Protein chains: 2
Amino acid sequence: MAVTIKDVAKHAGVSVSTVSKVLNDWKTISQETKDRVHASILALNYTPNARAVSFARGTTRNIIYLTALAEGEAYRNPHMFDIMCGVFTNLARQGYTMTMMDISDDEHPRETVAEIIARKSADGVVIHGSVINQEIANLIIDHEFPHIVIGHPEFDNRLCWVDTNHLLAGQYAADYLVNHDVSPVSFIGGRRNELISKERERGFRAVLLKHHKKISPEYVIHTNSTWQEGYDAVRQLLAMQEPPKAIVCENNTIAVGAARALAELGIRVPEDLFFLTFDIYPYTSILDPQPTVVDINVYDMGLQAADMIVRKIENPSLMIQSYTTLPRVITL
Amino acid sequence: MAVTIKDVAKHAGVSVSTVSKVLNDWKTISQETKDRVHASILALNYTPNARAVSFARGTTRNIIYLTALAEGEAYRNPHMFDIMCGVFTNLARQGYTMTMMDISDDEHPRETVAEIIARKSADGVVIHGSVINQEIANLIIDHEFPHIVIGHPEFDNRLCWVDTNHLLAGQYAADYLVNHDVSPVSFIGGRRNELISKERERGFRAVLLKHHKKISPEYVIHTNSTWQEGYDAVRQLLAMQEPPKAIVCENNTIAVGAARALAELGIRVPEDLFFLTFDIYPYTSILDPQPTVVDINVYDMGLQAADMIVRKIENPSLMIQSYTTLPRVITL
DNA sequence: CTGAAAGCGCTTACAG
DNA sequence: CTGAAAGCGCTTACAG
């Protein structure tokens, strides 16, 4: 039989309540009693039963991480897991556990989330931006359930969220080129209706404008984020009368195609041309030529999300909507 | 106030025990009572309190996934997360939750694992092979704590584990070349003291031997798994008097270097040379030339690990040591 | 500073 | 087929 708080109480010659108070560090307990109880705990090798503690306290010190965990997601979207590691690590530091939850093949995500809240198996939820919708948002807000969304949701501004500032990342890219006095510059964008892509382009353009460097339309090419289009775009740009001195690829997929075109054309980077992209991917480092990367440490964003969900639990009325974690420019 | 089992009992005009029995699907309850209770549950929108259930039942229906979740691990080792997704998904299907636990920066992993067991916050543990050691193994075995190790531990054969069969993967690679009647063949190996690398080479050699195709020592090159060595090895092999007609790279890092050398030399794959490697990585698909890949679906291994831990919980004396999930040859 | 006692919301022998 | 009651192992007002 496992040893319980009763056994410790008997061994130390005190009451169960006293043992509990020692365990929870009440300052009303005399040092002498504390020592005796601790000795008994050690002697009996006692560990509190987490199930009982959680039940008696009415809290779990557990956070649910809600996301989409499909097969192969780890290869397609490693950032999601790096964020998760950050959230997890910082929750653990603060004495919280983290339970995974998936709604990728869930036909009734609303009900799943409703159950999370009703079953009380967690004190809060961290939601990856890719899986949230208005229905889930309403549910969480109506129940005042502590939550943090990773990634700025576009549809509901009553939610709490953290996000990386893609606008700022675009600005960093432009700053880098302005500082190196490069001109003219070009931008190969992703899908126009994607927020991240739009934001990066907007930030990029804003800085150029500020420095009175206009970027004429023929230097901006929008793609559907395929390698082939990245490749074609570079071919097209470099065949211009005045080819650009810098190519900024809005994402890594475009950059893969771009690199191939640059390699074929024998372009030297950065001597002949500056080559930039955003985010480090597992394959960024084997691109040839090597781009300069404006990266965002999403692990750090995860750490911060963990801080925030804990603060929300302690103070549910807190409103948190925050751009966090500055980009950094990495020359590989 | 949240609605409890008492409220349901009162609403349905039955006792608390009866509601509990309905909830747990006892077959001694009359259909009429069942219907009435279910109606009340719906009417009151009742959901059992998970903390209370877990406490009363003495089980959690929770599994701990023990691994190393350092920053950037998601980029370096995406397979680990694909396995994790498989474990998680199949646990969820069987009504289990999964809690993450990390011992990467843990100075006392033994104590951490001891606490997992003592605190009873999980019914079992799935351990990634990279974080287990003899000390932890002893602890788990001594306490008869339900567990599955992902990856065959070399040091203790009392543990339960699942693994992919790397020997078999090596055999598949050789089979593929034998079937295409390629000769001579070469093998660029990783570190000689690494189990996976050794196994792949062993399987590869065994099949060749069986088919009376010897592989002479100059066609086998061992490296420390760097791109540069992969690159150099290919250069060296193709400069031989009788260059090989096939190059098998024991891992993707070597294959990156090999691909670069092949591209420079203008070698056509597979017309001039067969080019093989193991495992799909995020960047495998952008290698040029494209290798044929002997891949193992580690997500599937995760699914199977989940089945096994559940079986272990139901029957702790079960001994499970199993090679699972066949390799598959993928031509990209 | 310490302890007796109620209570957290279920499950499960046991009795009927 | 149903219910009264004990119990799971803690926490926490409350009294002293």
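All values derive from a computational prediction rather than experimental measurement. Order of the sequence lines sets the chain letters (A, B, ...), proteins ahead of strands, with each chain counted from 1.
For C/dT11, one of the phosphate oxygens OP1 or OP2 lies less than 4.0 angstrom from a side-chain nitrogen or oxygen of B/Ser20. Within the 4.0 Å cut-off from OP1 or OP2 of D/dC1, not a single side-chain nitrogen or oxygen of B/Ser30 is found. A close approach under 4.0 Å does occur between a side-chain nitrogen or oxygen of B/Asn24 and OP1 or OP2 of C/dT11. Close to D/dG3, at under 4.0 Å from its OP1 or OP2, lies no side-chain N or O of B/Ser17. OP1 or OP2 of C/dG3 lies within a sub-4.0 Å distance of a side-chain N or O belonging to A/Thr18. The side chain of B/Thr33 places no N or O atom within less than 4.0 Å of a non-bridging phosphate oxygen (OP1 or OP2) of D/dC1. Within the 4.0 Å cut-off from OP1 or OP2 of D/dC10, at least one side-chain nitrogen or oxygen of A/Tyr46 is found.
Look at CG on B/Asn49: it is 9 Å from C1' on C/dC8, rounded to the nearest Å. Atom-to-atom, CZ of A/Arg57 to C1' of D/dG9 comes out at 12 Å; the value is rounded to the nearest Å. Whole-Å rounding puts the B/Ile5 CD1 to C/dT12 C1' distance at 12 Å. Rounded to whole Å, the distance from NZ on B/Lys34 to P on D/dC1 is 9 Å. Regarding A/Leu23, its CG atom lies at a distance of 15 Å from the P atom of D/dG9, rounded to whole Å. Distance A/Arg51 CZ to D/dT11 C1': 17 Å, rounded to the nearest Å. Between the C1' atom of C/dC10 and the CZ atom of A/Arg119 lies a distance of 12 Å, rounded to the nearest Å. Atoms CG (A/Asp25) and P (D/dT11) sit 12 Å apart, rounded to a whole Å.
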field: side chain to side chain contact (heavy atoms under 4.5 Å, CB included) assessment of A/Ile41 paired with A/Leu23
entry: CA-CA 10 Å; A/Ile41 287 172; A/Leu23 251 20; 3.5 Å; yes
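With a 3.5 Å ceiling on both atom-pair distances, D/dA13 lacks any Watson-Crick or G-U wobble partner. The partner of D/dA4 cannot be assigned: no Watson-Crick or G-U wobble pair with both contacts below 3.5 Å exists in any strand.
Side chain A/Lys21 to base C/dG3: a donor-acceptor pair is found below 3.5 Å.
Taking the centre of each ring, A/His128 and A/Tyr65 stay at or above the 6.0 Å mark.
The environment of CD in B/Gln94 is crowded: more than 12 heavy-atom neighbours from other residues, nucleotides or ligands sit within 6.0 Å.
Looking at which nucleotide of DNA chain D each of B/Lys27 and A/Ala56 is closest to, the 5′-most match is held by B/Lys27. Place A/Thr28 and B/Val16 on DNA chain C by their nearest nucleotides, and A/Thr28 ends up nearer the 5' end.
Ring orientation note: the planes of B/Tyr323 and B/His152 are nearly perpendicular, at an angle over 60° on the 30°/60° scale.
B/Thr4 contributes a side-chain N or O that, together with a main-chain N or O of B/Lys6, makes up a donor-acceptor pair within less than 3.5 Å. For A/His143 (side chain) and A/Leu139 (main-chain N/O), a donor-acceptor pair under 3.5 Å exists by modelled atom type.
Stacking between B/Phe55 and C/dC8 is absent: the ring centroid is not both under 5.5 Å from the six-membered base ring centre and under 30° in plane angle.
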